[in-house]
Structures are given as structure tokens and as C-alpha cells.
Amino acid sequence: AVWCGGNEFNPYSLGNALSIGILERNLHEFDPTRPFWRTSPDGGSDHIYSDFDPNTYKTFNVLPFIAESGIHTMSSARNNRTIIAAEDFKDLGKMNDESFGASHPDLIHHYAEYSPWRVPRMLSRASHIGDMSNPVYEDMVEATQVGSGEFYQVMSEGVQSNYPITTGLLPWVFKRPWPVVAAIQLMDAFGQPTAPYYFMKRTYEKAHVMMDLPKMLYAPGDDIPFKANVLNGAGCPRLDGIVTVSVLDDRFNVLQTASESITVEEGTSVNRTSVGDFRIPADYHSKFFFIVAKLTDPSGDEISRSVYWPRTVPQMEDAEFHANYMKDHLNWPTLTEGPWLKPTIAANKTSLSVSAPVAVDGGYRISITNKGKFMSPITIIDTDKGINFASDNFFCLEAGETREIIVNVKPSTPEKPTSIIVSSWNAKTQTVKLQ
């Protein structure tokens, strides 16, 4: 069997499709017993690794296939602490310095593609989540994962929105075969999923609602067209639904809500609607705001939900930067003085409760309830030891909402988990013992 890839360099050329076409023809004529699978239904594919706003993927609508794309992130802090020398987890704010490699040999030994242009890309994403000037290791890992998670979610939604022109995406990379502290990865070598895995996974639910935003970064006073798409999957039924989009400020006050009815076509389809516009307040400087998009059936039962946290940043208040950013593919800016997502969310306190775990096949079922008055935008499931995989993770739990989560654990790890830990950026951590 023959698998053929695409062109890494120019999305507007046939690339190596010509030579691959000759190979396909020769196999058909001289050895038809060998299957030949195309990775693209048409001429041209691309490997895209650029440090731009992830909404840019919606503009690659001439590409039949994106054969690779992704962003760097750091893998499980708990797992990496078992293989990397403890003294290497200091002075992480100096990761860009030329001397960092020599002073952190074990960390760099487990660092994929440690280079001057790779590291800033990852840390620029992390700098929107927390202060990266001198972070502790666990905070840096979490910030890189959530920053990359946002990228993977919007990337996947953008590519799927290009259907039927763009018909495929291979998010890079599913799993690393060797333990790496930082790399492009959805799952580390231990088998522990990263946050981007879950952000990506949610975009492939049967019917998925998404915001078709132009960008993630704005200036005060900007107008944002509120377009929403519902992505329906192969074999999924037609449905009539309602798309509701709500905007909350950084104190979780609702600024605007609007709804529109939508008919979602059967099978693989992109179904578009508009729910008006939103104008960012003129005095809304260096702050996040939250957009919650929901798809419900006519009776009000929720089918899908997606959450976004666009922000106003100082760079966008420079007229030249703003104009270039909105029309071009600029590098993602680093935020040295904020705004930062984690402290923004942490200022709005809520409370969680977690039920006692119930054993199920391969793991445990727990119920998590948000008993406070604010949503928990980042709700995290983990175990105290070993490897775990949750049915969902790094998810939004609204005020009053209860979610059932299945937490699978890897029984063959040297240290078996003894507890499930549920944490939130704006609620006290809850720990439940496993029987």
C-alpha cells in the first residue's frame, strides 16, 4: 500500500502532486493489486507552521488538505518530574536566553526542537494565560497547554468551516514516542493527553457549534460580526436548532445575548448563521471578554457549546499594528504586563462539588456540580499519580450545571492513582479517593 503526502511549501501550487500522480498511474497500470490512497482529493496540500492568529485557517480555503499543523506545548509536569533532574526546573523565565541550554542540560535533552524561533512561539501563547517572566514549572506547563488548546480549537473549527474545499486536517502530532518536556503534541509518551487534545476533541462532536470570529485580539471600540457555524458530521441527522451567543465581561456580567434559528443539514455540512454584531466598549482596555455559543433543540436541550476568550491587548491600540494584524498574518504578540486569562477567571469565585467515584469499565464515573453563581471556564480533571484519560477535560462548567465525567486510569503504571482531583481556576480544588 502507498500513502502519499502533499506539498510543504506552497499551498497554491500542485507541489509534488504531479510526481505522485505519475506514481498513481504507474501503480494502476503495472501493479493494480497494490492499493493507493490519496491524502487529498485534489492537487495540493500543505504543512502549516506559522505563529499567527488561529482564525487564519479559515482563509486557507483554496487548500484541499492540510497535512500537518499545530503549535508547541509542554507535557505533563508530574510525569516529566520523574525523568528530569530537579535542578533543571528553575529560572524558566530565561528559556529564551542563549545560556539556558547549558544551565538546563537535562531539560533540553527532553526538549523537542529547542531553537530560538520555536520557544518564543510557545511562550507567546502562554503569556496570554499567565505571567511568564519567572513562572514555576507547573504554571508554565498549564499556561502553554491552555494557550495551545485555544489555538487547536480555533484551527480545527476554521479548517472544518472550509468544507467542502478543504476536506481534511492532520493535527500534528498525536503522540510522542519518547518523553519530551515540550513539543508539538496532543499526548505525551507516557500516554497522558494534554489540554489541546480535549480542545480538539470537542470540535469533532456530532453537531458542533462554533463562532466564526475574524480574530482573537482586538482594541477597545472594535466591532465584531457575530457569525456562527454549526458543523455537522458524517452520518449525522438533519436537525432544527437554535444558536444562542452570549458575551460576558471579565467580571462575568452578561453584556449581550442574541439567538437565531438554524436548520442543520444532514451529514457532513457547514451551516451558517448570524446573530448580529458586538461593539467592544471604548474604555475596555487590556481585558478579556468571554463568548459562549450554544446550540439547543427547540425544547431548549443543549446539543453543543463552545467557549472563547478574545481580548483587548495593548498592541492593538497602535493603529498601524491594528491595521496590519487585521489584514495580515502577523506573529502572535507576547504580553509582558497582561491581560492574563488565569487571574481574570480567578477573580470570579465559584464552588464545585464532586461525587464519590463509582467504578466502571476501565475507570470511574464522577459527577461535578458548579454550586456557585459564576461559571468555571477551565475545569480540570487529574489523578494524583499515574496516567488518566477523561471523557472531557479543561471544560467550561456553568453556574448550576452538573456534568458526569468518566475518568479512565492506566492500571499498568508503576504508581497507580489513589485519588481523582478536580480543580478550577476560580474554585477550591476537590479531591475524592478511589476505592
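When reading the values below, keep in mind they use all heavy atoms of this one structure, side chains included, and skip hydrogens, waters and symmetry mates.
Residues Lys428 and Leu352 form no side-chain contact, since every pair of their non-hydrogen atoms from C-beta on lies 4.5 Å or further apart. Residues Ser304 and His208 are in side-chain contact: their nearest non-hydrogen atoms beyond the backbone lie under 4.5 Å apart. Side-chain contact between Glu113 and Met122: absent, with no pair of heavy atoms (C-beta onward) separated by less than 4.5 Å. Side-chain atoms of Tyr114 and Met95, non-hydrogen and from C-beta on, do get closer than 4.5 Å to each other. The shortest side-chain heavy-atom distance between Phe100 and Leu92 falls under the 4.5 Å cut-off. With contacts defined as side-chain heavy-atom distances shorter than 4.5 Å, the pair Val292/Arg305 qualifies. Between Val141 and Ser76, the closest side-chain pair of non-hydrogen atoms is not below 4.5 Å. Residues Asp91 and Ser103 fail the side-chain proximity criterion, which asks for heavy atoms closer than 4.5 Å.
Each of Asn271, Val230, Val264 was evaluated against Leu239; a single residue qualifies, Val264, per the side-chain contact (heavy atoms from CB on, under 4.5 Å) test. With His128 as the partner, the ring-ring contact (aromatic ring centres under 6.0 Å, His included) test is satisfied by one option alone out of Trp332, Phe151, Trp309, Phe288: Trp332.
A salt bridge between Arg202 and Asp392 is present, with a side-chain N of the basic residue lying under 4.0 Å from a carboxylate O of the acidic one. The pair Glu401-Lys294 does not count as a salt bridge, with every side-chain nitrogen at least 4.0 angstrom from each carboxylate oxygen.
Across all their heavy atoms, Ala390 and Asn393 have their closest contact at CB-ND2, 4.2 Å. Considering all non-hydrogen atoms of both residues, Ser50 and Arg121 come closest at O-NH2, 3.8 Å. Here the shortest heavy-atom pairing between Ala183 and Ala112 reads CB-CB, 3.5 Å. In terms of heavy-atom proximity, Arg81 sits nearest to Glu138 at NE-OE2, 2.7 Å. Of all heavy-atom pairs spanning Pro417 and Thr383, the tightest one is CB-CB, 3.7 Å. In terms of heavy-atom proximity, Ser355 sits nearest to Val432 at O-CG1, 3.8 Å.
Shown here is Lys94, whose NZ atom has no more than 12 heavy atoms of other residues, nucleotides or ligands within 6.0 Å. Applying the 6.0 Å contact sphere to NZ of Lys227 captures no more than 12 heavy atoms from other residues, nucleotides or ligands.
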Check: Given the rule in the side chain to side chain contact (heavy atoms under 4.5 Å, CB included) test, do Arg125 and Thr144 qualify, once you have shown the distances and angles that lead to the verdict?
Finding: CA-CA 6 Å; Arg125 304 279 162 184; Thr144 65; over 6 Å; no
Next item on the list: Please test Ile224 against Val247 for side chain to side chain contact (heavy atoms under 4.5 Å, CB included), starting from the C-alpha separation and ending with a verdict.
Entry: CA-CA 11 Å; Ile224 307 175; Val247 189; over 6 Å; no
Margin query: Between His110 and Asn80, is the side chain to side chain contact (heavy atoms under 4.5 Å, CB included) condition met? List the steps.
Written below: CA-CA 9 Å; His110 288 272; Asn80 286 329; over 6 Å; no
Note to self: Please determine whether side chain to side chain contact (heavy atoms under 4.5 Å, CB included) holds for the pair Arg176 and Ile184, giving the CA-CA distance in whole Å, both sets of side-chain angles, and the decisive distance to 0.1 Å.
What the structure shows: CA-CA 9 Å; Arg176 289 281 166 176; Ile184 303 176; 4.1 Å; yes
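The aromatic rings of His329 and Phe52 sit perpendicular, their planes meeting at an angle over 60°, well past the 30° parallel limit. Taking the six-membered ring where the residue is Trp, Phe60 and Tyr57 present perpendicular rings, their angle passing 60° and hence far from 30°.
Under the 3.5 Å distance criterion, the side-chain polar atoms of Thr166 are left unmatched by any main-chain donor or acceptor of Tyr163. Under the 3.5 Å distance criterion, the side-chain polar atoms of Asp88 are matched with a main-chain donor or acceptor of Asp106. Judged by distance alone, the side chain of Thr312 and the main-chain N or O of Ser286 form a donor-acceptor pair under 3.5 Å. With hydrogens and angles ignored, the 3.5 Å screen pairs a side-chain donor or acceptor of Thr379 with a backbone N or O of Phe395. Judged purely by atom type and a 3.5 angstrom limit, Asn232 has no side-chain atom pairing as donor or acceptor with the backbone of Ser269. The backbone N or O of Thr334 sits less than 3.5 Å from a side-chain atom of Gln315, completing a donor-acceptor pair. In this structure, the side chain of Gln192 engages the main chain of Asn388 through a donor-acceptor pair within 3.5 Å. No donor-acceptor pair closer than 3.5 Å links the side chain of Tyr364 to the backbone N or O of Val409. A donor-acceptor pair under 3.5 Å is absent between the side-chain atoms of Ser391 and the main chain of Ile405, judged by distance alone. Proximity of a side-chain donor or acceptor of Thr203 to a complementary backbone N or O of Met200 within less than 3.5 Å is detected.
For the residue pair Glu68 and Tyr49, a side-chain donor N or O sits within less than 3.5 Å of a side-chain acceptor on the partner. Thr344 and Asp250 share no donor-acceptor pair across their side chains, judged by distance under 3.5 Å alone. With 3.5 Å as the limit, one finds no donor-acceptor pair spanning the side chains of Thr73 and Tyr152. Judged purely by distance below 3.5 Å, without hydrogens or angles, the side chains of Trp172 and His47 never pair a donor atom with an acceptor atom. A side-chain N or O of Asn229 and one of Ser161 form a donor-acceptor pair less than 3.5 Å apart. Using a 3.5 Å distance cut-off with no hydrogens or angles, the side chains of Tyr325 and Asp53 do pair a donor with an acceptor. Judged purely by distance below 3.5 Å, without hydrogens or angles, the side chains of Asp382 and Ser423 never pair a donor atom with an acceptor atom. Between Ser133 and Asp131, the side chains place a donor N or O and an acceptor N or O closer than 3.5 Å (distance only, hydrogens not considered).
Between atom OG1 of residue Thr402 and atom CD1 of residue Ile368 there is a gap of 9.5 Å, rounded to the nearest 0.5 Å. Summarising the geometry, atom CD belonging to Glu157 is positioned 9.5 Å from atom CG belonging to Asp212; distances are rounded to the nearest 0.5 Å. Separating the CD1 atom in Ile66 from the CG atom in Asp46 is a distance of 7.5 Å, to the nearest 0.5 Å. Between Phe36 atom CZ and Asp31 atom CG the span is 12.5 Å, to the nearest 0.5 Å. Separating the CZ atom in Arg272 from the CD1 atom in Ile262 is a distance of 10.0 Å, to the nearest 0.5 Å. Rounded to the nearest 0.5 angstrom, Ser306 OG and Leu295 CG are separated by 9.5 Å.
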